[in-house]
Amino acid sequence: MTELVHLDVADDVATITLDSERNRNALSRQLVSELMAHLAAADADESARAVLVRSSGTVFCSGADLSEAAKGGMVEGARALIVLQRRIATLGKPVVVELAGAVRAGGLGVVGAADIVVAAESVTFALTEVRLALAPAVISLSLLPRLTSRAASDLFLTARTFDATEAVHHGLVTRAVPDTELQAEVARSLADVVKGYPQGLRETKTLLNHDLVARIDALGDDLAALSGELFGSDEARAAMTAFLRRRR
């Protein structure tokens, strides 16, 4: 089986790269499983003080793997995405996300759970769930603490596309920079982070994410059940089937 997520450790940074261009880095069972495994390996590696999550190709993450979702059994997938968000938020090292490509739906859960997010100005975002008879249930765990309530209502209900500059304004992204400056800005952020001592980084991150983790623990099970119910509904199945046909 071809690996969909790669890990490389160098210069105090564990770099995790999503590399499933075939389905635009959709959150398939394999991709999520490999991402979780690499996060654990990065956390355990004493030579790394920070973790960078990035992607190959033109899309950072297209959201749920609708080919898998259309076959049912999405409660397990919803739970896996909750565990993934919690893993990022509780990792003992800061997680920096580099966005060089579009982010859609479930992929925003990775963004919401990260500590620092740097995006190229050309990157676009959209919470498209309502257009598939779904709701951004499990990713609301990490997104609602980041967004203002008005921004969340707008972006969740309209499913409109918004850019990186707007994402910064709403609190979803830390910084947006010209595309040509993205890698340099990410490198600067990481260089600053790795100057911290491991204990200081770990305990500071725990302080910052205390409320987010408590929210995940309190609401996760109910939102996983809701997500599974929505994905299994006749309305959502019809919408996903129509979407997959249009994409072919």
Side-chain angles (χ1 to χ4, degrees), residues 5-21 24-25 35 38-39 42-43 45 47-63 84-85 87-89 91-127 139 142-143 145-148 151 155 161-198 200-202 204-205 207-209 212:
V5 184
H6 313 304
L7 172 64
D8 178 67
V9 181
D11 301 323
D12 300 317
V13 177
T15 299
I16 297 174
T17 304
L18 309 184
D19 187 21
S20 182
E21 194 167 0
R24 292 177 272 193
N25 290 321
L35 177 53
H38 287 321
L39 285 168
D43 204 20
D45 193 324
S47 68
R49 292 196 178 187
V51 177
L52 172 65
V53 179
R54 59 178 301 277
S55 66
S56 63
T58 58
V59 176
F60 176 78
C61 181
S62 59
L84 175 60
Q85 291 173 96
R87 188 69 174 115
I88 293 171
L91 206 76
K93 299 167 184 181
V95 176
V96 177
V97 168
E98 173 189 308
L99 297 179
V103 192
R104 296 291 184 267
L108 281 142
V110 175
V111 175
D115 301 296
I116 297 172
V117 182
V118 183
E121 290 178 346
S122 66
V123 170
T124 62
F125 306 79
L127 288 144
I139 61 172
S142 64
L143 293 181
R146 305 293 187 192
L147 300 167
T148 67
L155 302 176
T161 300
F162 57 103
D163 63 21
T165 300
E166 184 176 355
V168 172
H169 177 72
H170 293 320
L172 179 63
V173 166
T174 309
R175 285 184 290 280
V177 298
D179 290 34
T180 56
E181 298 177 17
L182 177 63
Q183 290 187 351
E185 182 61 31
V186 169
R188 279 192 291 270
S189 295
L190 287 167
D192 286 337
V193 168
V194 299
K195 291 175 184 175
Y197 278 88
L201 294 170
R202 181 181 65 251
T204 300
K205 177 167 175 171
L207 289 173
L208 290 167
N209 289 341
L212 171 57

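Here, residue 1 is the first one in the sequence, and each next residue gets the next number.
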Contacts of type side-chain hydrogen bond (donor to acceptor under 3.5 Å, both in side chains), residue Asn209, not counting sequence neighbours:
Asp115

Apply side-chain hydrogen bond (donor to acceptor under 3.5 Å, both in side chains) to Thr15 and list each qualifying residue two or more places apart in sequence or on a separate chain.
none

Does any part of the side chain of Leu91, heavy atoms only, come nearer than 4.5 Å to the side chain of Lys205, both counted from C-beta?
yes

Does some side-chain heavy atom of Leu18 sit less than 4.5 Å from a side-chain heavy atom of Phe60?
yes

Sequence-distant partners of [X], side-chain contact (heavy atoms from CB on, under 4.5 Å), two or more places apart:
{"X": "Ser47", "answer": "Val9, Asp45"}
{"X": "Thr165", "answer": "Asp163"}
{"X": "Val193", "answer": "Ala50, Pro94, Ile116, Leu201"}

Gap separating the [atom1] atom of [X] from the [atom2] atom of [Y], nearest 0.5 angstrom:
{"X": "Leu52", "Y": "Asp8", "atom1": "CG", "atom2": "CG", "value": "10.5 Å"}
{"X": "Asn25", "Y": "Ser56", "atom1": "CG", "atom2": "OG", "value": "5.5 Å"}
{"X": "Leu127", "Y": "Leu143", "atom1": "CG", "atom2": "CG", "value": "6.0 Å"}
{"X": "Leu99", "Y": "Ser55", "atom1": "CG", "atom2": "OG", "value": "7.5 Å"}
{"X": "Leu35", "Y": "Leu84", "atom1": "CG", "atom2": "CG", "value": "5.0 Å"}
{"X": "Leu39", "Y": "Ile88", "atom1": "CG", "atom2": "CD1", "value": "5.5 Å"}

By salt bridge (charged side-chain N to carboxylate O under 4.0 Å, His left out), which residues pair with [X], not counting sequence neighbours?
{"X": "Asp179", "result": "none"}
{"X": "Glu166", "result": "Arg160"}
{"X": "Asp19", "result": "none"}
{"X": "Arg49", "result": "none"}

Go through Arg87 and Asp43 one step at a time and tell me if the side chain to side chain contact (heavy atoms under 4.5 Å, CB included) criterion holds.
CA-CA 10 Å; Arg87 188 69 174 115; Asp43 204 20; 3.6 Å; yes

Enumerate the side-chain hydrogen bond (donor to acceptor under 3.5 Å, both in side chains) contacts for residues 95-107, please, sequence neighbours excluded, ordered by first and then second residue.
Arg104-Thr124

Could you tell me which non-hydrogen atom of [X] sits nearest to which non-hydrogen atom of [Y], and how far apart they are?
{"X": "Ala42", "Y": "Val51", "value": "CB-CG2, 3.8 Å"}
{"X": "Ala120", "Y": "Ala164", "value": "O-CB, 3.4 Å"}
{"X": "Ile139", "Y": "Gln85", "value": "CA-OE1, 3.6 Å"}
{"X": "Leu108", "Y": "Ala126", "value": "CD1-O, 3.6 Å"}
{"X": "Val117", "Y": "Val173", "value": "O-CG1, 3.5 Å"}

Side-chain donor-acceptor contacts of residues 182-189 below 3.5 Å, not counting sequence neighbours, with atom names and distances?
unit_1: Glu185; atom_1: OE1; unit_2: Arg188; atom_2: NE; d: 3.2
unit_1: Glu185; atom_1: OE1; unit_2: Arg188; atom_2: NH2; d: 2.8
unit_1: Glu185; atom_1: OE2; unit_2: Arg175; atom_2: NE; d: 2.9
unit_1: Ser189; atom_1: OG; unit_2: Arg175; atom_2: NH2; d: 2.5
unit_1: Ser189; atom_1: OG; unit_2: Glu185; atom_2: O; d: 3.2

Would a distance-only check, ignoring hydrogens and angles, find a side-chain to backbone donor-acceptor pair under 3.5 Å from Asp12 to Ala48?
no

His6 atom NE2, neighbour heavy-atom count above 12 within 6.0 Å:
yes

Can you run down the ring pair (Phe, Tyr, Trp, His ring centres under 6.0 Å) pairs that involve residues 96-125, sequence neighbours left out, and say none if there aren't any?
Phe125-Phe162

Evaluate side chain to side chain contact (heavy atoms under 4.5 Å, CB included) for Val194 paired with Val13, printing each intermediate quantity in order.
CA-CA 8 Å; Val194 299; Val13 177; 4.1 Å; yes

